[in-house]
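Numbers restart at 1 for each chain; the letters A, B, ... are given by sequence-line order, proteins then strands.
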2 protein chains.
Amino acid sequence: MRPFGCARKDRDIFQIAKLADVARRAGVGNATASRALSGVGLVSEETRKRILKAARELNYQPNRSAQALKGGRSGMIGMVIPRMSDIFFASCVDAVQAVAMTNSSLLVVSATHDCSDRTMDAVKELLHHRVDGLVLALSEYLTPAMVRSLKTLPVPTVGIDAPLTKAGLPSVMIDNCSSAELATEHLVQHGYRRIISLQVNPELFTIQERHRGYERAMQSAGLPATQHVVEDRAAAEDLLRNCGRTGRDFALLAANEVAAKYVVAAAKQLRMNMPEDFGMISFDDFDLADAMETPLTVVKQPVGRIGEVAANLLFRGLNSEDGAAAKGGALETVLSAELVIRQSCGCKK
Amino acid sequence: MRPFGCARKDRDIFQIAKLADVARRAGVGNATASRALSGVGLVSEETRKRILKAARELNYQPNRSAQALKGGRSGMIGMVIPRMSDIFFASCVDAVQAVAMTNSSLLVVSATHDCSDRTMDAVKELLHHRVDGLVLALSEYLTPAMVRSLKTLPVPTVGIDAPLTKAGLPSVMIDNCSSAELATEHLVQHGYRRIISLQVNPELFTIQERHRGYERAMQSAGLPATQHVVEDRAAAEDLLRNCGRTGRDFALLAANEVAAKYVVAAAKQLRMNMPEDFGMISFDDFDLADAMETPLTVVKQPVGRIGEVAANLLFRGLNSEDGAAAKGGALETVLSAELVIRQSCGCKK
DNA sequence: TTTACAAATGGAATCGTTTCCACAGAACAG
DNA sequence: CTGTTCTGTGGAAACGATTCCATTTGTAAA
């Protein structure tokens with residue numbers, strides 16, 4: 001039984017030919033072969049064909065480590081996210097990976113698991129591995145030290161849902177503030193008066209933006225703004241017990257899918273119903289949001305698009321030598337979110 | 001406005017010192033510095049300390065590309081999965097990444113998006129990037145050609161939920177067959193007689209294993225086995241319309257979370273209720289499975305554990321030179337799944 | 001004191017690319 | 001016919017780490 005592989009050296013088996021092999025087979029020098037394959041520099045048409053043919057026959061693939069070492073592209077981009085187990089980030093990673101593949105790059109992911117010390121460490125580690133570019137989905141606020149570091153990042157970088165603009169880096173996101181304002185207004189129109197802004201990680205940038213939009217709407221409506229943090233289902237139950245029973249004008253704006261799920265579970269436990277006992281609109285659409293006991297009204301972000309746009313922005317910058325990604329465009333790309341109206345907000349089916 | 005980064009060369013800014021810098025600062029030769037830092041070879045205690053100090057002061061990190069090129073570790077492992085947007089795989093990736101981090105490695109992910117041609121291409125590409133090891137979550141059946149290739153993989157490799165045993169590679173999974181059998185028996189005990197095995201991707205290895213277990217249970221119970229494929233919600237609606245209305249003894253064994261979600265949505269549409277109109281047990285626990293109108297009975301896989309165990313197995317093999325991962329253990333590591341009984345199976349609350 | 005051996009060290013080759021530079025030959029203007 | 005320019009080409013020097021091997025030094029055995 002040979003459980004694992006064999007030695008690293010077997011070039012035959014996984015067909016690892018090197019440039020020199022190609023050059024020899026084509027009867028040319030190393031340098032010429034390199035030029036022909038990379039497409040830069042002068043090579044006569046005839047020679048180029050011979051070299052490409054040899055490369056094809058040997059199934060040649062350049063050694064990325066060597067390329068990276070020499071200072072060229074490593075063929076990898078890095079991505080930092082809080083965690084994978086969150087539809088939003090998982091979808092972003094999926095989209096970025098797809099775009100990376102199109103640009104014949106690989107994606108290296110690192111998750112911080114909400115430990116914000118990890119963020120810059122992750123970035124540094126990715127850089128030591130010579131990634132060609134970075135996608136940062138840092139929802140945390142940046143410390144001055146981080147801004148300073150990010151400003152001097154040696155590779156093209158784009159942010160997703162991240163306040164990277166401060167560091168002069170392009171980023172892609174929805175207009176969290178306006179979307180929250182819109183959603184809140186919708187709740188107000190349904191007659192809800194005691195509306196609470198609900199969050200799990202109140203310290204995050206996007207979450208605070210959403211809260212800001214909520215506040216704006218509440219102020220316009222002449223209603224008091226209240227912020228509440230639920231770290232788990234039990235906390236959601238407490239909240240519903242305290243507020244939900246005391247009148248018909250209670251509603252929640254859940255800042256993300258996690259908060260909404262806590263509330264749904266708590267409501268089930270307490271046998272409370274939406275929209276009768278309380279109303280709710282949540283950020284982030286999820287799989288069964290429309291097949292719940294009360295289909296959930298949500299602010300749906302174009303998750304796939306966000307990752308895709310960010311990655312494309314990155315590669316555009318990557319391919320135009322000195323990183324002219326944002327040239328001719330704003331630093332911040334704002335995609336529009338959609339209010340998907342179902343029933344938890346009070347709208348009839 | 002300087003949208004993207006600066007030139008690649010700035011070593012000052014992101015503190016990229018090289019070995020030679022460390023050596024110079026410590027007043028020793030290149031070779032000695034390397035030995036001291038990597039811990040192999042003879043270096044006097046005093047010199048070692050001086051070198052480590054210099055490295056710390058310069059914030060030295062080895063250039064992974066150079067290390068990889070020289071033939072050592074690249075400090076990266078690769079992972080191939082069908083897609084990210086699936087809790088099961090997302091959790092696996094999360095777990096593997098965490099273990100990789102512990103072993104100071106980075107994780108490179110590639111998704112095939114169910115295009116099985118992509119599988120071996122992804123593996124090859126990862127190998128060209130000189131990953132130190134591979135985690136393959138290929139739920140597809142292996143073609144003979146793939147088995148042949150996998151047998152000669154030049155790096156340690158473990159499988160997740162994948163039939164890699166045929167290629168002599170260790171893999172980690174739950175006992176899909178027995179779990180399905182158990183779940184089916186449970187439905188039978190509740191009096192369901194017309195039980196259908198429901199799947200989205202019937203060609204996948206794990207799914208077929210589950211179907212096999214279902215068949216075994218049905219046969220034991222003297223009941224006819226039926227397989228049904230639902231590719232979307234509409235298909236689930238058709239199924240429920242045809243079978244669910246005709247009696248009280250109808251139940252479904254959903255082979256995964258996706259199938260279950262289609263059914264739940266379809267049932268809502270048709271205003272059918274579990275467990276009265278039909279019963280269901282599904283593979284894969286998900287966030288709101290217990291907060292649905294009818295809390296779902298599920299076979300819960302230890303998702304996090306699977307990834308963790310697989311990754312640990314990989315690194316054990318990686319660290320013991322010639323890949324003795326499976327030494328002293330079976331090739332296949334089977335973790336136990338848990339039947340989480342809620343209400344969709346007919347059990348009272 | 002000489003010989004032998006071990007410990008500690010640095011020089012230089014190596015990994016596979018890219019790229020600078022020098023050189024050969026062709027084309028062309030003077 | 002002689003320079004000059006241009007096109008193609010290959011040799012060789014990087015890139016940054018590891019590692020073989022030779023060298024120096026210190027110490028113990030003969």
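Listed nucleotides dC15(C), dA13(D), dA17(D) differ in distance to L69(B); the shortest reach to its side chain belongs to dC15(C).
Without hydrogens or angle criteria, N103(A) side chain to S105(A) main chain gives no donor-acceptor distance under 3.5 Å. A donor-acceptor distance shorter than 3.5 angstrom exists from the side chain of S149(B) to the backbone of A145(B), with no hydrogens or angles considered. Of the possible donor and acceptor atoms, one in the side chain of T102(A) sits under 3.5 Å from a partner among the backbone N and O of A98(A).
A sub-4.0 Å separation between OP1 or OP2 of dG16(C) and a side-chain N or O of K18(A) is present. Taking only side-chain nitrogens and oxygens, Q67(A) never comes nearer than 4.0 Å to OP1 or OP2 of dG16(C). Listed pair Y60(B) / dG16(D) fails the phosphate criterion, with no side-chain N or O lying under 4.0 Å from OP1 or OP2.
Side-chain contact, S171(A) with E332(A): no donor N or O sits under 3.5 Å from an acceptor N or O. E140(B) and T119(B) are linked by a side-chain donor-acceptor pair at a separation below 3.5 angstrom, with hydrogens and angles left out of the test. The closest side-chain donor-acceptor pair between T47(A) and S44(A) falls under 3.5 angstrom.
Base contact: R35(B) has a heavy atom under 4.0 Å from a base atom.
Atom pair R50(B):CZ and dG10(C):C1' shows a separation of 13 Å (rounding to whole Å applied). The CZ atom of R73(A) sits 12 Å away from the P atom of dT19(C) (whole-angstrom rounding). Rounded to whole Å, the distance from CZ on R130(B) to P on dA17(D) is 18 Å. For the pair L19(B) CG and dC15(C) P, the computed distance is 19 Å after rounding to whole Å. One can place CZ of R24(A) at 15 Å from C1' of dG10(D), the figure rounded to the nearest angstrom. dG16(C) atom P lies 16 Å from atom CG of L37(A), rounded to whole Å.
Listed by residue number, the members of residues 40-49 of chain A with any heavy atom below 4.0 angstrom from DNA chain D are L42(A), V43(A), S44(A), T47(A). Shown for residues 25-34 of chain A: residues whose heavy atoms fall under 4.0 angstrom of DNA chain C, namely A31(A), S34(A).
Put simply, CG on D94(A) and CD on E308(A) are 11.5 Å apart, with the number rounded to the nearest 0.5 Å. Considering OG of S74(B) and CG of D132(B), their distance stands at 3.5 Å, rounded to 0.5 Å. The line from CG of L136(B) to CD1 of I160(B) is 9.0 Å long, rounded to the nearest 0.5 Å. Between atom CE of residue M120(B) and atom OG1 of residue T143(B) there is a gap of 8.0 Å, rounded to the nearest 0.5 Å. Note that CZ of R148(A) is 12.0 Å distant from CG of L142(A), once rounded to the nearest 0.5 Å. Atom CD1 of residue I51(A) and atom CZ of residue R35(A) lie 8.5 Å apart, to the nearest 0.5 angstrom.
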At a cut-off of 3.5 Å, list every protein nitrogen or oxygen paired with a nitrogen or oxygen from nucleotides 23-28 of chain C, distance to 0.1 Å.
none

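For the helix from dT1(C)-dA30(D) to dG30(C)-dC1(D), the angle separating the two terminal helix axes comes to 60°, with each axis derived from five pairs and the value rounded to 10°.
Residue pairs meeting the salt bridge (Lys or Arg N to Asp or Glu O under 4.0 Å) criterion with at least one member in residues 111-123 of chain A, sequence neighbours excluded: R83(A)-D114(A). Applying the salt bridge (Lys or Arg N to Asp or Glu O under 4.0 Å) test to every pair with at least one member in residues 23-32 of chain A, sequence neighbours left out, gives these pairs: D21(A)-R24(A), R25(A)-E57(A).
A donor-acceptor contact under 3.5 Å links the side chain of K70(A) to the base of dT18(C).
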